[in-house]
There are 2 protein chains.
Amino acid sequence: MQLMKAELKQHCPNDANVNCANCRLNSICLPLALRQDEITQLDDIVQRGRPVQKGQHLYRQGENFQSIYAVRSGAIKAYSTTDDGEEQVTGFYFPGEILGMDGIGQNRYASSAQAMDVSAICEIPFHRMEELSGKLPSMQKHFFKLLSQEIVEDQRHITLLSKNSAEERLAALLVSISARHARRGLSATSFRLPMSRGDIGNFLGLTIETVSRVFTRFAKQGLISIANKDVTLIDLEKLKETANVF
Amino acid sequence: MQLMKAELKQHCPNDANVNCANCRLNSICLPLALRQDEITQLDDIVQRGRPVQKGQHLYRQGENFQSIYAVRSGAIKAYSTTDDGEEQVTGFYFPGEILGMDGIGQNRYASSAQAMDVSAICEIPFHRMEELSGKLPSMQKHFFKLLSQEIVEDQRHITLLSKNSAEERLAALLVSISARHARRGLSATSFRLPMSRGDIGNFLGLTIETVSRVFTRFAKQGLISIANKDVTLIDLEKLKETANVF
DNA sequence: ACAGTACGTTGATACGCATCAATAAAGTTG
DNA sequence: CAACTTTATTGATGCGTATCAACGTACTGT
């Protein structure tokens with residue numbers, strides 16, 4: 001509950017006068033690699049709309065690709081639907097993270113993006129981003145990096161699915177979310193999981209039941225405590241070991 | 001055997017005077033989106049070395065990232081080694097395909113790349129590629145696309161590992177390799193698998209034994225015929241169904 | 001506060017693939 | 001071409017997670 005308040009602060013300063021230069025996320029988000037004057041140019045093309053409600057979509061698979069998105073607060077899940085109608089959750093996105101880049105290649109989004117909580121979002125029209133990248137080498141470089149890092153992330157996830165047990169997968173997810181919270185100055189050990197058990201299972205290639213059972217097992221082992229969506233990582237070290245994060 | 005000869009032709013014209021403009025792969029490789037004069041500029045930065053022998057590495061995980069690579073002939077596998085020493089094959093690369101882009105994000109390669117056959121390779125120093133992308137919008141655009149498409153590929157693979165059975169996975173790989181052969185004007189139904197059963201299993205999140213058994217099952221069902229590394233896809237349609245490719 | 005509904009937990013059973021083990025075939029080297 | 005090594009096949013068994021089913025708990029709107 002306190003966590004939620006902390007999150008809310010991030011899009012509080014009435015949103016009207018939020019900009020990249022004063023955004024508290026600018027050290028981990030797109031402006032990361034930019035000089036002050038470059039940030040201003042980025043800011044000119046960033047669009048900030050009204051908060052997105054829980055369940056609303058930012059974009060849907062197959063739609064014309066227009067923009068990439070930065071999460072300012074809340075949490076987004078991306079998922080793709082296969083030809084035979086099955087859904088695969090491909091990622092969870094937290095404040096400071098960028099999504100939508102899978103649309104570049106085919107000029108249409110390869111996945112759908114849905115808010116798991118009320119979220120504040122920055123929209124960055126891609127054609128303007130491209131222009132800017134042509135002018136600012138550091139912007140181009142950073143953008144190449146972003147794309148490349150997403151590839152590396154996905155490959156890590158492939159390895160996770162291919163090689164790791166249910167316990168290892170879930171531990172890895174908890175450790176990952178923990179690290180991403182810590183990066184934003186929030187607690188590394190206590191947070192709310194914005195996604196359902198179903199989403200977790202889908203993301204990790206497991207059933208709801210297995211996710212539930214592993215949570216219970218972790219709790220019995222004293223690694224975590226969990227009540228609904230609120231987790232506390234009691235033994236983060238052991239979780240990291242389980243997740244093979246050294 | 002005939003297949004090998006066809007492959008060899010692709011890097012035959014004595015290699016000394018190969019360039020992007022006359023390369024028979026230029027319609028599917030990097031020059032794809034470029035005008036004639038732009039191809040010349042690309043050609044200036046492409047380096048073509050001696051053939052890489054089977055088993056040799058193009059780069060290794062953790063090494064300084066310098067270049068991306070295009071396969072001109074042969075076949076390359078990419079794999080990453082996790083902290084706990086396990087290997088994960090992350091991709092197979094055939095002529096006309098680009099690899100090494102996972103190194104951009106961290107300035108070091110996130111995976112290793114090893115030749116599965118004697119291969120001819122084009123090396124493209126990345127910093128020169130970046131410069132060129134700053135000057136040629138179509139180059140920048142194409143490169144963004146390439147990166148994005150690799151993300152989409154990886155996400156498809158995640159779905160495969162997360163949702164599909166051994167048979168579906170192996171069928172999907174066969175269909176994918178078939179399509180990539182066809183794209184280069186080679187037979188869609190008859191080709192040599194350059195990788196070992198171990199590599200296939202590793203890539204698909206299966207054991208060697210399971211791969212072997214599924215091959216045998218496919219053969220008994222009359223979907224394929226297989227002798228060592230030479231496959232013939234007898235019923236490509238049914239394989240596509242099995243792979244959920246519609 | 002209450003019914004209604006979605007979401008989560010827990011238990012019993014089944015099944016697909018991993019593992020272990022033995023053999024066979026292919027590739028390599030002197 | 002024989003001896004060796006590596007790679008692939010086939011069979012027997014076991015384990016981890018899916019599936020099916022029942023129940024419990026949290027959220028929703030009136």
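The basis for the numbers below is simple: all heavy atoms, side chains too, and nothing from hydrogens, waters or symmetry mates. Order of the sequence lines sets the chain letters (A, B, ...), proteins ahead of strands, with each chain counted from 1.
No contact: Gly201(A) has no heavy atom under 4.0 Å from any strand.
One atom, CD1 of Ile200(A), and another, P of dT17(D), lie 16 Å apart when rounded to the nearest Å. When the P atom of dA18(C) is taken as reference, atom CG of Asn202(B) falls 12 Å away, rounded to whole Å. Whole-Å rounding puts the Glu168(A) CD to dC15(D) C1' distance at 15 Å. The distance between atom CG of Leu170(A) and atom P of dT17(D), rounded to the nearest whole Å, is 11 Å. Counting to the nearest Å, the C1' atom of dT19(C) and the NZ atom of Lys163(A) are 15 Å from each other. At whole-Å resolution of the value, CG in Leu161(A) and C1' in dC17(C) are 16 Å apart. As rounded to whole Å, 14 Å separates atom C1' of dC27(D) from atom CG of Asp117(A). Residue Leu160(A) contributes atom CG, which lies 12 Å from atom P of dT17(D) at whole-angstrom precision.
Ring geometry, Phe92(B) versus Phe203(B): the interplanar angle falls from 30° to 60°, so the pair is classed tilted. Ring pair Tyr109(B)/Tyr59(B) is parallel by interplanar angle, where below 30° counts as parallel and above 60° as perpendicular.
No donor-acceptor pair closer than 3.5 Å links the side chain of Arg72(B) to the backbone N or O of Pro95(B). Between the side chain of Ser148(B) and the backbone N or O of Gly105(A), at least one donor-acceptor pair lies under 3.5 Å.
At a cut-off of 3.5 Å, with distance as the only test, a side-chain donor of Thr210(B) or Thr207(B) sits close to an acceptor on the other residue. Between the side chains of Glu123(B) and Ser67(B), at least one donor-acceptor pair of N or O atoms lies under 3.5 Å.
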Tabulated below should be each protein N or O lying under 3.5 Å from an N or O of nucleotides 3-9 of chain C; please produce it.
from, atom 1, to, atom 2, distance (Å)
dG8(C), OP1, Arg197(A), N, 3.4
dG8(C), OP2, Arg197(A), N, 3.4
dT9(C), OP1, Arg197(A), NH2, 3.3
dT9(C), OP2, Arg197(A), NE, 2.9
dT9(C), OP2, Ser212(A), OG, 2.9
dT9(C), O5', Ser212(A), OG, 3.0

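Contact annotation: Thr210(B) side-chain N/O to dC17(C) OP1/OP2 distance is not under 4.0 Å.
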